[in-house]
Chemist: 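Sharing a structure with you now.
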Amino acid sequence: MKILITEKIATDSVQYLKDRGFEVDERLGLSQAEIEKIVEPYDGLIVRSVTKVNKELLANANNMKVVGRAGNGIDNIDVKACTEKGIIAVNTPEANIMAAGELAVGLAFAVFRNICYANESSRRDDFRRALMIGNELEGKTAGIIGLGRIGSIVARKLKGIGMDVIAYDPYITSEKFERVGAKKCQTLDDLLTVSDLITFHTPKTKETYNMLDADGLKKCKKGVRIVNAARGGLVNEEALAEALKSGQVAAAGIDVFDKEPSYDKLPGEQNFSHPLLELPNFVCTPHLGASSHEANHNVGTAVTELVAKALEGELVAAINMPSCSGNMAILKPYASLCEKLGRIYFQAEKAPVKKIQVCYCGELAGQETGVLTLSVLKGFLSSMTPERISFVNVRQAVEERGIEVVESKTTHIDRYNNLVSVSFFTEDGRELNVSGTVFGLGTEVLVSFFGYQMNFELAPIVIAMQNEDVPGIIGKVASMLGELDINIGSMHWGRKPGSGKAQSFIAIDQPVPEPSVEEFMKIPRVLRFTQLDFS
Ligand code: NAD
Ligand code: MLT
């Protein structure tokens, strides 16, 4: 499978993908239009913050299965468009927060103590320190906008250097403010009017874009310092330039522009100019928040592992999947079982289904089982539709087909620790049930199939045969398989009391060729002969 990487990630992470057998193309510094042209054959795409994974790019990404955002913010990823195409979107929200928080604090020091201006002047042979006098941070008020992961780190560090920390974040609980030790501001204005330092740590959304504009800047204390190491455009750049010129803002440290330059081109290769870059009291870093060796390593490792696992069909925590707060160690083996239980239906039966009911019994009932239901649905649709179905769009795809999905749970269970029971309600009024469990470290066992009780360890290729419950049939089937040189791995048969029918499951090492299947169907008293593919 092919993976395209359009922005720099740690070299050892790229190697990790190659070692895992992926064909990896690192094509750095391409324009958006160039990426759109080459994206078609790729199964996976890894980007940072510059590449826009939007509808236009995805329109050509017809093989794409996963998009990995090597970093935190997802404003450059159209998650809805990914979902519509069944593409899993993953990011690495925790991997670079320390680096980003530290850079914000570094910028705060720079703008309070004129560090960058002093450095540039000294290099120009101008050592007049009287022109470089700054202010101390200790005892001043730091206003944090957005008290999430990074905002909280910044709060802790600024408190550590003796600042009074206040914060504005209407979306978190008062308890979180208390835990972080930041005084809660009820409104943005409450923060603007008293802060000596304002530092931004929100995502870029419709609501936060230009949230500090010319009017807001006027409300600030004269001589306020501003830091933005979150996303470009949270502070209106034009208004900020005016406020820096007038002295309303003493200095600003910005890591991110609204429209970003390329971070890979050589000097002179791009004509990036900006009025802010002309101002002496403006400090700029080139979206450097995540650029520590530690964060590079963490982000690279996290994103390549997620992308590799997603491409290998493993369950990963994706942005466009229901959140899974359950215990993954318990859920993972059941996800694989559930997909197989879903796959059984259309391999064994043809009647249209109007409702699927999944019941989780035993310890599983205490888990968040949303992803298990998605696994059942993914398996169910896999043999029914050629469309690209993944965890992210499967529920929508099932519901679009008019099939109702119901989940239920019970802690009550007789014979096993856990059981997943899937009932398919057909349009012609039947309820067909398959149930299974997982033993030990991942042995998947089918315990009931369309009313027959059994204990059959699932294998990649399985013959499911229904016949009249009379002697001699199994022997006949076994000898025909022998004639085809097909080895039998295991065999199990069950009866439905009073029905006069028996159901057998035979694990075989390779599939019965299609023409020979007809011959098995012709065996007298064989009622059904189906090959189930769980490979
Ligand atoms: P987070 O989701 O943990 O926290 C964001 C906080 O902002 C949340 O608590 C949310 O409630 C709050 N918020 C949302 N809308 C708000 C509003 N209108 N007013 C006030 N608060 C609001 O995110 P995070 O991981 O802390 O990241 C914060 C920002 O830093 C993001 O924009 C992210 O993209 C950016 N980031 C930048 C770099 C960099 O290299 N410069 C690195 C990592 C993250
Ligand atoms: C992020 O959101 O993780 C940062 O902006 C870092 C980056 O993409 O380089």
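Starting from 1, each residue takes its place in the sequence as its number. No hydrogens, no waters, no symmetry mates; every other heavy atom, side chains included, goes into these values. First listed ligand is number 1; within each ligand, the first listed atom is number 1.
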Chemist: How far is atom 44 (C) of ligand 1 from its nearest protein heavy atom, and which residue and atom name does that atom have?
Modeler: Ile150 CD1, 3.3 Å
Chemist: Give me the residue, atom name and distance of the protein heavy atom closest to atom 20 (C) of ligand 1.
Modeler: Pro170 CD, 3.4 Å
Chemist: Where is the nearest protein heavy atom to atom 42 (C) of ligand 1: which residue, which atom, and how far?
Modeler: Ala100 CB, 3.5 Å
Chemist: Does Lys332 come within less than 4.0 Å of Glu314, counting only side-chain N to carboxylate O?
Modeler: yes
Chemist: Considering only NZ, NE, NH1 and NH2 on the basic side and carboxylate oxygens on the acidic side, decide whether Asp264 and Lys8 come within less than 4.0 Å.
Modeler: no
Chemist: Just to be sure I read this right, does ligand 1 sit under 4.0 Å from the backbone of Asn96, its side chain, both, or neither, counting only heavy atoms?
Modeler: side chain
Chemist: Is a donor on one side and an acceptor on the other found under 3.5 Å between the side chain of Gln248 and the backbone of Leu217?
Modeler: yes
Chemist: Quick one: does Asn320's side chain have a donor or acceptor within less than 3.5 Å of a partner on Ala89's backbone?
Modeler: yes
Chemist: For Ile46, run the side-chain contact (heavy atoms from CB on, under 4.5 Å) check against Thr6, Ile5, Leu4 and tell me which one passes.
Modeler: Ile5
Chemist: Can any side-chain N or O of Asn210 pair as donor or acceptor with the backbone N or O of Asp213 at less than 3.5 Å?
Modeler: no
Chemist: Run the numbers for me: atoms of ligand 2, each under 4.0 Å from some heavy atom of Ser49, listed by number.
Modeler: 8 (O)
Chemist: Which heavy atom of the protein is the closest neighbour of atom 3 (O) of ligand 2, given with residue, atom name and distance?
Modeler: Asn72 N, 2.6 Å
Chemist: I need the minimum non-hydrogen distance between Met211 and Thr202, along with the two atoms involved.
Modeler: SD-OG1, 4.3 Å
Chemist: Please write down residue, atom name and distance for the protein heavy atom closest to atom 33 (C) of ligand 1.
Modeler: Asn72 OD1, 3.7 Å
Chemist: Going by heavy-atom distance to atom 17 (C) of ligand 1, choose the closest among Thr285, Asp255, Val299, Thr208.
Modeler: Thr208
Chemist: In ligand 2, which numbered atoms sit nearer than 4.0 Å to a non-hydrogen atom of Gly71?
Modeler: 3 (O)
Chemist: To check your reading of the model: name the closest protein heavy atom to atom 4 (C) of ligand 2, its residue, and the distance in Å.
Modeler: His287 NE2, 3.5 Å
Chemist: Examine ligand 2 and decide if any of its atoms is less than 4.0 Å from a heavy atom belonging to Arg69.
Modeler: yes
Chemist: What part of Ile172, side chain, backbone, both or neither, has a heavy atom within less than 4.0 angstrom of ligand 1?
Modeler: side chain
Chemist: Within a distance under 4.0 Å of any heavy atom of Asn96, pick out the atoms of ligand 2 and give their elements.
Modeler: 1 (C), 3 (O), 6 (C)
Chemist: Any idea which protein heavy atom is nearest atom 5 (C) of ligand 1, and the distance to it?
Modeler: His201 O, 3.4 Å
Chemist: Against heavy atoms of Ala290, which atoms of ligand 2 measure under 4.0 Å?
Modeler: 6 (C)
Chemist: Which heavy atom of the protein is the closest neighbour of atom 21 (N) of ligand 1, given with residue, atom name and distance?
Modeler: Thr202 CG2, 3.5 Å
Chemist: Could you tell me whether the side chain of Asn298 and the main chain of Gly300 form a donor-acceptor pair under 3.5 Å?
Modeler: no
Chemist: Check ligand 1 against Glu207 and write out every atom of the ligand that is under 4.0 Å from a heavy-atom position of the residue.
Modeler: 18 (N)
Chemist: Asp169 side chain to Leu147 main-chain N or O, any donor-acceptor pair under 3.5 Å?
Modeler: yes
Chemist: Of the side chain and backbone of Arg149, name the one, both, or neither that has a heavy atom under 4.0 Å from an atom of ligand 1.
Modeler: both
Chemist: For atom 11 (O) of ligand 1, which protein heavy atom lies nearest, and how many Å away is it?
Modeler: Asp169 OD1, 2.8 Å
Chemist: Within this structure, what is the NZ-NZ distance for the pair Lys55 and Lys85, rounded to the nearest 0.5 Å?
Modeler: 12.0 Å
Chemist: Could you check whether any heavy atom of Glu94 sits closer than 4.0 Å to an atom of ligand 1, since that is the contact criterion I want to use?
Modeler: no
Chemist: For atom 14 (C) of ligand 1, which candidate among Pro203, Gly146, Pro286 provides the closest heavy atom?
Modeler: Pro203
Chemist: List every atom of ligand 1 that sits less than 4.0 Å from any heavy atom of Ala229, numbering the atoms from 1 in the order shown and giving each element.
Modeler: 37 (C), 38 (C), 39 (C), 41 (N)
Chemist: Could you tell me whether Glu175 and Arg179 have a side-chain N and a carboxylate O separated by less than 4.0 Å?
Modeler: yes
Chemist: Measure the distance from atom 15 (N) of ligand 1 to every protein heavy atom, then report the residue, atom name and distance (to 0.1 Å) of the closest one.
Modeler: Tyr171 CE1, 3.5 Å
Chemist: With heavy-atom distances below 4.0 Å as the criterion, list the atoms of ligand 1 near His287.
Modeler: 39 (C), 40 (O), 41 (N)
Chemist: Report, in ascending order of atom number, the atoms of ligand 1 lying under 4.0 Å from any heavy atom of Gly73.
Modeler: 34 (O)
Chemist: Measure across Ala310 and Ile88 and return the closest heavy-atom pair with its distance rounded to 0.1 Å.
Modeler: CB-CD1, 4.3 Å
Chemist: Nearest non-hydrogen atom to atom 2 (O) of ligand 2 belongs to which of Lys204, Arg48, Glu7, Arg231?
Modeler: Arg231
Chemist: Check ligand 1 against Met211 and write out every atom of the ligand that is under 4.0 Å from a heavy-atom position of the residue.
Modeler: 19 (N)
Chemist: Going by distance only, is there an N or O of Ala290 that falls short of 3.5 Å from an N or O of ligand 1?
Modeler: yes
Chemist: Any donor-acceptor pair under 3.5 Å linking the side chain of Thr187 with the backbone of Asp190?
Modeler: yes
Chemist: Under 3.5 Å, is there a donor-acceptor pair between the side chain of Arg69 and the main chain of Gly73?
Modeler: yes
Chemist: Taking all atoms of both residues into account, what is the closest heavy-atom pair of Cys284 and Phe257, and its distance?
Modeler: SG-CE1, 3.8 Å
Chemist: Please check this pair: side chain of Glu7 against backbone of Arg48, looking for a donor-acceptor N/O pair closer than 3.5 Å.
Modeler: yes
